[in-house]
Amino acid sequence: MRIAVIGGTGLAGRHTVEALRRAGHEPVAVARATGVDVLTGEGLDDALEGVEAVVDASNHFADEPAEAIALFGAATEILLAAEQRAGVRHHVLLSILGLDRIEGNAHYAGKRRQEGLMAESPVAATIVRAAQFHEFAETVVARTRRGGEAAVAPLLMQPVAAADVGAVLAEVAAGPALGRAPDLAGPQPEDLVDMARRVMAAKGDPIRLLPSWRGGVFGPEAAGEVLLPAPGARLAATTFDAWLGARFPGP
């Protein structure tokens, strides 16, 4: 199958492209780096020529919920219209596990808008809600770092390897539309502060980590088991420790 991956040069997108290629499909990486802009539609019709399925693993960054809703909504509407013109039969959206449990996060607001548009589209769709990636801890530290300190929210989550997410997205895209696929998470729960400490230690970075809700990506509404998968979720194989060892191999 010829399958387009929106955001195909990003973290999840790259792994999806690789998984599709391993499975014998013809992936088309769609991104600004490949000359396509989904926010304007530039190059999109050409990119979707002959495409049977689309995986949307794109990302849009905004500080406020209203801005995120506008960005995700506009890009998704443009993409779905182009898919209808191209005769695409299956649209797969990478979304976020626990999306309905977090209200104050701008990114979550944008993703909810995307999911809402899936329900209205004539293109058959599958939504795959995945947990935070193993890279999330390092991303949080980079975002909140102030000199030699960084604030990290004391979160419980069940992170998943981006490579495992890519493999699932490739598998789903090649099959029939499911509406909602089972949620996708890693094999075991992890504490975000502990994850950050392990990553910084592996990098040899002496930064001081402050367990705090202030200045972080999430507020206290994400405390407890809010970010953990519900029963029936699909659990990928790669543990955080295995990912960390591959990312920062010892001597």
Side-chain angles (χ1 to χ4, degrees), residues 10-12 57-69 71-72 94-115 128-165 183-231 233 235-236 238-245 247-248:
L11 180 58
S58 62
N59 236 333
H60 308 286
F61 298 97
D63 293 324
E64 298 297 329
E67 181 185 6
I69 290 169
L71 282 172
F72 279 98
L94 174 60
S95 193
I96 308 172
L97 189 151
L99 189 69
D100 302 321
R101 307 173 201 159
I102 303 291
E103 291 296 330
N105 185 286
H107 190 69
Y108 278 52
K111 297 300 288 186
R112 281 192 292 271
R113 172 61 175 156
Q114 273 191 312
E115 288 198 5
V128 179
R129 288 183 172 183
Q132 288 74 23
F133 298 164
H134 289 324
E135 287 85 355
F136 185 68
E138 189 176 3
T139 300
V140 169
V141 172
R143 185 176 296 186
T144 65
R145 185 167 195 152
R146 301 294 182 271
E149 296 182 341
V152 180
L155 290 173
L156 188 63
M157 57 180 56
Q158 199 155 323
V160 63
D164 290 341
V165 174
D183 289 347
L184 177 62
Q188 61 194 36
E190 298 282 354
D191 175 83
L192 181 61
V193 178
D194 184 57
M195 289 168 61
R197 286 187 177 128
R198 286 145 68 191
V199 171
M200 294 302 108
K203 294 177 69 173
D205 189 332
I207 189 170
R208 180 170 179 252
L209 300 178
L210 306 174
S212 173
W213 297 108
R214 296 185 179 181
V217 178
F218 291 108
E221 64 178 347
E225 299 185 354
V226 170
L227 298 181
L228 295 184
L235 303 184
T238 307
T239 64
F240 180 73
D241 282 331
W243 170 84
L244 190 61
R247 173 78 184 277
F248 302 102

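For clarity, every value in this text was computed on a predicted model and none was experimentally measured.
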In short, Ala233 meets Pro229 closest at the heavy-atom pair CB-CB, 3.6 Å
Here the pair of heavy atoms bringing Ala62 nearest to Ala106 is O-CB, 3.8 Å
When rounded to the nearest 0.5 Å, the distance separating CD of Glu138 from CG of Asp205 is 9.5 Å
Checklist entry - Does Glu190 reach the main-chain N or O of Met157 with its side chain, forming a donor-acceptor pair under 3.5 Å? => result no
Nearest heavy-atom contact between Ala130 and Val165 is CB-CG2, 4.3 Å
Tightest non-hydrogen contact, residues Lys111 and Ser58, listed as NZ-O, 4.5 Å
Rounded to the nearest 0.5 Å, the CH2 atom of Trp243 sits from the CD atom of Glu135 at a distance of 5.0 Å
Is Arg129 paired with Asp100 through a side-chain N to carboxylate O contact shorter than 4.0 Å? yes
Would the distance check show the side chain of His60 and the main-chain N or O of Gly110 forming a donor-acceptor pair, the cut-off being under 3.5 Å?
no
Shortest non-hydrogen pair, Ala202 vs Leu244, comes out as CB-CD1, 4.2 Å
Does the side chain of Trp213 reach to within under 4.5 Å of the side chain of Leu155, using non-hydrogen atoms? yes
Inset, instruction - Please lay out, stage by stage, how Thr139 and Phe133 fare under the test side chain to side chain contact (heavy atoms under 4.5 Å, CB included). - result: CA-CA 10 Å; Thr139 300; Phe133 298 164; over 6 Å; no
query: Is the shortest heavy-atom distance from the side chain of Leu99 to the side chain of Arg112 under 4.5 Å?
result: yes
Rounded to the nearest 0.5 Å, the CD1 atom of Ile207 sits from the CZ atom of Arg197 at a distance of 11.5 Å
| task | Using a cut-off of 6.0 Å, state whether more than 12 heavy atoms not belonging to Glu149 lie near its atom CD. | result | yes
Exercise. Does the side chain to side chain contact (heavy atoms under 4.5 Å, CB included) test come out yes or no for Glu221 and Ile102, once each step is laid out?
Worked result: CA-CA 7 Å; Glu221 64 178 347; Ile102 303 291; 3.3 Å; yes
Taken to the nearest 0.5 Å, the spacing of Gln158 CD from Leu235 CG works out to 5.5 Å
**Q.** Donor-acceptor contact below 3.5 Å, side chain Arg145 vs main chain Gly147
**A.** yes
The complete set of side chain to side chain donor-acceptor pair (under 3.5 Å) pairs with one or both residues in residues 101-110, sequence neighbours excluded, reads Asn59-His107, Tyr108-Gln132
Practice item. I would like to know whether Val199 and Phe248 meet side chain to side chain contact (heavy atoms under 4.5 Å, CB included); could you show each step before the answer? Key: CA-CA 9 Å; Val199 171; Phe248 302 102; 4.3 Å; yes
